Enquirer: 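Would you mind keeping the following structure in view while I ask a few things?
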2 protein chains.
Amino acid sequence: MKSETKDPKPYHHGNLKQALLDAARRLLETEGHSNLSLRKCAEAVGVSATAPQNHFANKAALLTALATQGYGELHAYMGRGVSDAADRAARRQAALLGYVAFAQDNPALYELMFSRDRVSASDPDLLRNVGACFVILADISKEFGRFEGEGAKVDAKQQMFVWSLVHGYAQLLTANRFKKEDMQGVSILDVIPDLHS
Amino acid sequence: MKSETKDPKPYHHGNLKQALLDAARRLLETEGHSNLSLRKCAEAVGVSATAPQNHFANKAALLTALATQGYGELHAYMGRGVSDAADRAARRQAALLGYVAFAQDNPALYELMFSRDRVSASDPDLLRNVGACFVILADISKEFGRFEGEGAKVDAKQQMFVWSLVHGYAQLLTANRFKKEDMQGVSILDVIPDLHS
DNA sequence: ACTTCATGTGTGCAGCGTAAACATTTTCTT
DNA sequence: AAGAAAATGTTTACGCTGCACACATGAAGT
């Protein structure tokens with residue numbers, strides 16, 4: 001019984017990496033992005049100020065991990081409560097509502113996920129999770145509206161249309177750019193025009 | 001001739017405020033948002049590190065002024081090359097193309113304009129310029145697609161649809177979230193589905 | 001047992017925003 | 001014209017930040 005795998009707490013702290021991510025995530029939403037610092041994360045977890053360096057090469061690496069985690073959860077939100085047998089219209093509805101719900105539940109993280117110079121956009125893990133989200137978006141975009149051109153181009157336009165619409169809606173919503181009175185009883189589904197005659 | 005208004009250079013520097021904004025804007029696009037500092041702006045202009053404090057209460061105030069300026073230019077981009085006599089379809093086309101062009105020309109500034117905690121969203125000047133942009137968006141949103149509900153609600157949904165779509169498209173485009181091959185010869189106008197039967 | 005490596009601490013440094021005291025120049029008031 | 005007041009700029013200082021570096025410690029492998 002020399003290498004049992006029952007207790008995965010390897011040593012000093014436990015698993016500091018995930019603890020730092022959790023603390024960073026909480027600080028991000030509570031204090032705002034510009035008040036998030038590695039030192040505050042370290043202090044929240046109870047380690048020295050330089051301990052995070054053992055798990056993240058720099059601050060950008062931590063933010064990238066945070067964004068990667070965010071895309072994973074966004075994917076989960078979009079797939080929530082959808083049975084495999086559901087038709088595309090049902091999946092589409094659930095995915096759109098889930099997408100917006102994630103942004104509303106994690107506005108600061110959502111903004112970070114689309115920031116241009118705070119996360120390293122070429123990170124493989126990040127790209128993988130982004131790709132997983134895009135698979136769902138591509139699926140629900142099929143048979144959506146009428147676009148001109150040949151087949152592949154039509155698919156691309158449909159996907160760009162759906163992603164642009166839901167992303168823009170989510171961002172403008174969480175950035176409070178919509179008038180409150182316009183939002184009464186309105187969801188992302190109401191903002192999609194009737195596409196067929 | 002004691003108070004002639006011919007030379008508006010008041011004294012020491014000239015007009016440091018605008019010079020700082022110009023420097024900040026250049027640094028923002030070249031160095032990226034996370035490498036923009038007041039001290040670098042001051043150095044670029046050739047004044048001491050604390051001189052900006054006389055013109056901007058804090059860094060957020062400078063970024064807010066930058067965003068305000070951005071919305072002014074976005075408004076100008078949307079109105080470019082449009083005669084007053086043009087019909088709504090022509091204005092819509094020009095405004096959408098102008099909107100996206102501004103985002104492409106000023107990606108870092110565009111991101112700043114929609115950031116949640118770096119600009120003070122309640123600034124009156126900012127709100128005024130945001131409102132001016134929204135007036136154009138509301139105008140081009142009329143008679144767009146088919147939405148259910150009574151009159152005012154339909155207008156609101158149309159506006160939210162158009163702004164969500166063009167903002168999402170602009171942001172995803174500048175964040176390189178679209179596949180390059182999908183973008184070949186595609187503009188914002190191609191991503192809007194045929195809304196009528 | 002000894003080495004090796006992963007992980008955590010302590011120290012130090014340059015850059016940052018910004019507060020405070022002071023200097024200088026313009027503008028206002030008389 | 002003269003002095004007061006305001007606007008603008010500099011210097012200094014302080015605490016916070018990311019991070020490089022040397023070192024300590026505990027776990028794992030041989």
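Because the structure is a prediction, the values reported are computed rather than measured. We use all heavy atoms of the structure for the numbers below, so side chains are in, but hydrogens, waters and symmetry mates are not. Proteins come first, then strands; the chains are lettered A, B, ... in the order of their sequence lines, and each starts at number 1.
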Enquirer: Suppose we screen for side-chain hydrogen bond (donor to acceptor under 3.5 Å, both in side chains). Which residues come up paired with B:Asn129, at least two apart in sequence or across chains?
Expert: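 So B:Asn129 forms no side-chain hydrogen bond (donor to acceptor under 3.5 Å, both in side chains) with any residue.
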
Enquirer: For B:Tyr110, what residues pass the ring pair (Phe, Tyr, Trp, His ring centres under 6.0 Å) criterion, not counting sequence neighbours?
Expert: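 For B:Tyr110, the residues satisfying ring pair (Phe, Tyr, Trp, His ring centres under 6.0 Å) (neighbours in sequence not counted) are B:Tyr99, B:Phe114, B:His167.
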
Enquirer: Please list all pairs passing the salt bridge (charged side-chain N to carboxylate O under 4.0 Å, His left out) test where one or both residues lie in residues 94-116 of chain B, with sequence neighbours left out.
Expert: A:Arg118-B:Glu111

Enquirer: Tell me: NZ of B:Lys17 to P of D:dG9, nearest whole Å?
Expert: 12 Å

Enquirer: If you compare every side-chain N and O of A:His55 against the phosphate oxygens of C:dA6 (OP1, OP2), does one of them come in below 4.0 Å?
Expert: no

Enquirer: Name all residues meeting the side chain to side chain contact (heavy atoms under 4.5 Å, CB included) criterion together with A:Asp22; count only those two or more places apart in sequence or in a different chain, and write none if there are none.
Expert: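 Testing A:Asp22 for side chain to side chain contact (heavy atoms under 4.5 Å, CB included), a comparison that skips the adjacent residues, returns A:Gln18.
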
Enquirer: Should the pair A:Lys17 and A:Phe56 be classed as cation-pi, given the thresholds of under 6.0 Å to the six-membered ring centre and 45° from the axis?
Expert: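 Pair A:Lys17/A:Phe56 counts as cation-pi.
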
Enquirer: In whole angstroms, how far is the C1' atom of C:dG8 from the CG atom of A:Asn15?
Expert: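 For the pair A:Asn15 CG and C:dG8 C1', the rounded distance is 15 Å.
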
Enquirer: Of the nucleotides C:dT18, D:dA20, C:dG8, which has the atom closest to the B:Thr50 side chain?
Expert: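 When the side chain of B:Thr50 is considered, C:dT18 is the closest of C:dT18, D:dA20, C:dG8.
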
Enquirer: Below 4.0 angstrom, which residues in residues 28-49 of chain B have at least one non-hydrogen atom near DNA chain D?
Expert: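 The answer is B:Val47, B:Ser48.
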
Enquirer: Side chain to side chain contact (heavy atoms under 4.5 Å, CB included) with B:Ala175: which residues, sequence neighbours excluded?
Expert: B:Arg177

Enquirer: In residues 56-65 of chain A, what residues come within less than 4.0 Å of DNA chain D, judged by heavy atoms?
Expert: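 Within residues 56-65 of chain A, the residues near DNA chain D are A:Asn58, A:Lys59.
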
Enquirer: What is the distance from CG of A:Asn54 to P of D:dC21, rounded to the nearest Å?
Expert: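 Atom CG in A:Asn54 sits about 15 Å away from atom P in D:dC21.
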
Enquirer: Would you please name every residue forming a side-chain hydrogen bond (donor to acceptor under 3.5 Å, both in side chains) with A:Arg128, sequence neighbours left out?
Expert: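 By the side-chain hydrogen bond (donor to acceptor under 3.5 Å, both in side chains) rule, A:Arg128 matches A:Asp125.
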
Enquirer: Holding to side-chain hydrogen bond (donor to acceptor under 3.5 Å, both in side chains), I want the full list of residues that pass it with B:Asp182, two or more places apart in sequence or in another chain.
Expert: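 Here no residue qualifies.
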
